Amino acid sequence: MVAARALLFWALVYSYCGVCACIAGLRLLWSIGRRPGDTFRWVVRENPPACLNDPSLGTHCYVRIKDSGLRFHYVAAGERGKPLMLLLHGFPEFWYSWRHQLREFKSEYRVVALDLRGYGETDAPSHKENYKLDCLITDIKDILESLGYNKCVLVGHDWGGMIAWLVAICYPEMVTKLIVVNFPHPSVFTEYILRHPSQLIKSGYYFFFQMPWFPEFMFTLNDFKVLKSLFTSQATGIGRKGCRLTAEDIEAYLYVFSQPGALTGPINHYRNIFSCLPLQHHEVIMPTLLLWGERDAFMEVEMAEITRIYVKNHFRLTILSEASHWLQQDQPDIVNKLIWTFLKEETIRKRE
């Protein structure tokens with residue numbers, strides 16, 4: 001019975017992977033037919049835009065992890081010795097997606113926005129086996145210790161939210177408070193996606209990314225049109241009422257992901273996900289804040305409320321009706337205010 005279920009599961013994975021690949025192939029042919037000269041044109045950005053070296057965002061730092069030997073890049077704001085707030089970005093993002101939070105929380109925290117393994121200036125191992133969830137979880141523990149801390153406020157968005165949930169489950173003593181943006185508890189996600197075809201379709205990129213090299217190639221077409229449209233299109237991007245990315249913000253993303261090989265590490269994160277499933281039904285024991293943009297094109301909002309089941313402590317859920325998947329960039333003022341309220345609320349709760 002177990003073998004039959006496993007066979008069915010992998011048949012589903014590879015079948016849907018094939019479907020997604022066919023759709024991507026059709027899009028490629030359509031692009032070639034419309035604009036053959038532009039389809040394969042893409043430019044490596046040689047120099048970073050000024051916003052990536054804005055001193056108001058913090059200081060660029062590096063730390064090498066002894067066990068793995070990897071060097072991680074991060075941007076830190078706020079005085080050393082203050083409580084640590086560790087920020088984990090999603091895909092396709094990097095430390096810069098937390099620029100609004102770096103400025104906001106440095107008054108009371110040592111705020112560290114990390115480039116995850118394989119992203120930006122952080123080292124990118126070549127083999128996909130180096131991106132298993134166990135490795136990604138251990139990275140956060142090792143970085144915390146290397147920074148001289150034994151606990152933190154852990155904040156994650158999208159794929160960084162997945163990692164944040166798992167760190168909180170595996171190393172609860174290291175997480176005083178958990179804040180996740182637009183990603184449900186991992187058990188909710190894996191159960192929901194198998195029972196709701198609509199979410200399976202929205203998560204099609206998980207399956208598409210199982211293919212070697214082709215996803216990276218598709219991202220480069222038309223000078224990274226897919227990357228730009230993720231943040232700016234009506235379907236998936238930040239809406240008219242949101243804090244839209246400036247031309248310089250877009251160039252920051254293009255600078256990072258246009259570098260040779262820069263997309264393989266990030267996509268490798270997804271190439272191991274199915275070998276790690278199903279996830280065990282682990283509970284979260286620290287105070288948790290879940291923020292959700294209801295206009296998320298990739299995650300159905302119903303998963304947010306179900307997440308409550310797995311948090312065995314104070315749980316606060318706030319859904320923003322006009323916000324997109326890119327919530328901390330879309331509605332930074334509201335997100336920052338909600339985080340402050342949650343952090344101070346827990347301080348008051350402890351005093352009582």
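For reference, positions follow the sequence shown, starting with 1. Please read all numbers here as calculations on a predicted model, not as lab measurements.
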Using the benzene-type ring in the case of Trp, are the ring centres of Phe298 and Phe91 under 6.0 Å apart?
no
Evaluate whether atom CD of Gln259 has more than 12 neighbouring non-hydrogen atoms of other residues, nucleotides or ligands under 6.0 angstrom away.
yes
With sequence neighbours excluded, what pairs up with Thr264 under the side chain to side chain contact (heavy atoms under 4.5 Å, CB included) test?
Glu216, Asn268, Arg271
Taking it one step at a time, do Leu116 and Leu136 satisfy side-chain contact (heavy atoms from CB on, under 4.5 Å)?
CA-CA 8 Å; Leu116 295 175; Leu136 306 179; over 6 Å; no
State, yes or no, whether a side-chain contact exists between Val155 and Trp98 at a heavy-atom distance under 4.5 Å.
yes
Would you compute the distance between atom CD1 of Ile193 and atom OG of Ser203 and round it to the nearest 0.5 angstrom?
3.5 Å
Donor-acceptor under 3.5 Å (Ser97 side chain, Gln329 main chain):
no
Do Glu104 and Ile339 have side-chain heavy atoms sitting under 4.5 Å apart?
no
Would you give me the side-chain donor-acceptor pairs under 3.5 Å for residues 20-35, sequence neighbours excluded?
{"unit_1": "Ser31", "atom_1": "OG", "unit_2": "Thr39", "atom_2": "OG1", "d": "2.9"}
{"unit_1": "Ser31", "atom_1": "OG", "unit_2": "Asn222", "atom_2": "ND2", "d": "3.0"}

NZ/Lys337: more than 12 non-hydrogen atoms of other groups inside 6.0 Å:
no
Can you confirm whether or not the ring centre of Trp95 sits under 6.0 Å from the ring centre of Tyr74?
no
Can you confirm whether more than 12 heavy atoms, excluding those of Gln234, are under 6.0 Å from its CD atom?
no
All heavy atoms of Thr176 vs all of Lys151, minimum pair found to be CG2-CD, 3.5 Å
Just so I know, are the side chains of Gln101 and Met85 near enough to count as touching, which here means a heavy-atom distance under 4.5 Å?
no
Point-to-point distance, once rounded to the nearest 0.5 Å, from CD1 of Ile137 to CG of Asp142
12.0 Å
Are the aromatic rings of Tyr96 and Tyr255 close, with centres under 6.0 Å apart?
no
Using ring centroids (six-membered ring only for Trp), state whether His185 and His282 fall under 6.0 Å.
no
For residues 233-253, the ring-ring contact (aromatic ring centres under 6.0 Å, His included) pairs (sequence neighbours left out) are Phe94-Tyr253, Phe231-Tyr253
Linking I/L/V/M/F/W/Y whenever their side-chain heavy atoms sit closer than 4.5 Å, directly or via other members, would Phe207 and Trp213 fall into one cluster?
yes
Quick one: side chains of residues 127-134, donor-acceptor pairs under 3.5 Å with protein atoms, not counting sequence neighbours, listed by atom name and distance.
{"unit_1": "Tyr131", "atom_1": "OH", "unit_2": "Pro125", "atom_2": "O", "d": "2.7"}

Distance (rounded to the nearest 0.5 Å) between Cys170 SG and Ile163 CD1
11.5 Å
Can you list everything that forms a ring pair (Phe, Tyr, Trp, His ring centres under 6.0 Å) with His89? Sequence neighbours excluded, please.
Tyr119
For Lys202, look at atom NZ and say whether over 12 heavy atoms of other residues, nucleotides or ligands are found less than 6.0 Å away.
yes
Please set out all donor-acceptor pairs under 3.5 angstrom arising from side-chain atoms of residues 64-72, sequence neighbours excluded.
{"unit_1": "Arg64", "atom_1": "NH1", "unit_2": "Gly69", "atom_2": "O", "d": "2.7"}
{"unit_1": "Ser68", "atom_1": "OG", "unit_2": "Leu70", "atom_2": "N", "d": "3.3"}

Search all heavy atoms of Ala262 against all heavy atoms of Val256 and return the closest pair with its distance.
CB-O, 3.3 Å
So how far is it from Thr307 OG1 to Trp292 CH2, rounded to the nearest 0.5 Å?
6.5 Å
Is there a path from Phe257 to Val44 through hydrophobic residues (I, L, V, M, F, W, Y) whose side chains come within less than 4.5 Å of each other?
yes
Just by distance, do the side chain of Lys82 and the backbone of Ser107 share a donor-acceptor pair under 3.5 Å?
yes
Please confirm whether the backbone N or O of Asp223 pairs with a side-chain atom of Lys228, one donor and one acceptor, at under 3.5 Å?
yes
Student check: side-chain heavy atoms of Val284 and Tyr310 closer than 4.5 Å
no
side-chain contact (heavy atoms from CB on, under 4.5 Å) between His157 and Asn182, worked out:
CA-CA 6 Å; His157 167 248; Asn182 279 75; 4.2 Å; yes
How close do Glu248 and Ala50 get, counting heavy atoms only, and between which atoms?
OE2-N, 3.4 Å
A quick test of your reading: do over 12 heavy atoms of other residues, nucleotides or ligands sit less than 6.0 Å from NZ of Lys312?
yes
Does the side chain of Leu320 come within less than 4.5 Å of Ile334's, by heavy atoms?
yes
Please tell me if the side chains of Thr232 and Leu245 come closer than 4.5 Å, counting only heavy atoms from C-beta onward.
no
Distance-only donor-acceptor check, side chains Glu191 and Ser187, under 3.5 Å
no
Does the side chain of Asn336 come under 3.5 Å of the side chain of His100 through a donor N or O and an acceptor N or O?
no
So, Asn313 side chain and Ile285 main chain: donor-acceptor pair closer than 3.5 Å or not?
yes
Measuring from atom OG of Ser258 to atom CG of Leu263, what distance do you get when rounded to the nearest 0.5 angstrom?
9.0 Å
Between Arg99 and Asp54, is there a side-chain N and carboxylate O pair less than 4.0 Å apart?
no
Is the Phe209 ring parallel, tilted or perpendicular to the Phe219 ring (thresholds 30°, 60°)?
tilted
Pairwise side-chain contact, Phe342 with Thr318, heavy-atom cut-off 4.5 Å (strictly under):
no
Spell out, as yes or no, whether a donor-acceptor pair under 3.5 Å connects the side chain of Asp249 to the backbone of Thr246.
yes
List the steps and the verdict of side-chain contact (heavy atoms from CB on, under 4.5 Å) for Met303 and Gln199.
CA-CA 10 Å; Met303 291 187 287; Gln199 181 59 54; 3.4 Å; yes
Mind checking the CG-CG spacing from Leu84 to Asn150? Nearest 0.5 Å is all I need.
10.0 Å
Do the side-chain N and O atoms of Glu93 and Trp326 include a donor-acceptor pair separated by under 3.5 angstrom?
no
How far apart are the C-alpha atoms of Trp159 and Phe183, what are their side-chain angles, what is the distance that settles it, and do they pass the ring-ring contact (aromatic ring centres under 6.0 Å, His included) test?
CA-CA 7 Å; Trp159 184 257; Phe183 202 94; 7.2 Å; no
List the atom of Phe40, the atom of Leu221, and the distance in Å for their closest heavy-atom pair.
CD2-CD2, 4.0 Å
What I'd like to find out is whether the side chain of Leu289 reaches to under 4.5 Å of the side chain of Lys177, using heavy atoms alone.
no
List the atom of Arg110, the atom of Gly78, and the distance in Å for their closest heavy-atom pair.
NH1-O, 2.7 Å
I'd like to know if Tyr62 and Leu102 are part of one continuous hydrophobic network [Ile/Leu/Val/Met/Phe/Trp/Tyr, side-chain heavy atoms within less than 4.5 Å].
no
Heavy-atom pair of closest approach, residues Gly237 and Arg295:
O-NH1, 4.0 Å
Hey, mind stepping through Trp165 and Thr288 against side-chain contact (heavy atoms from CB on, under 4.5 Å) and telling me if it holds?
CA-CA 10 Å; Trp165 281 113; Thr288 301; 3.8 Å; yes
Can any side-chain N or O of His60 pair as donor or acceptor with the backbone N or O of Leu52 at less than 3.5 Å?
yes
Validation row, ring centre Phe208 to ring centre Tyr270 under 6.0 Å
no
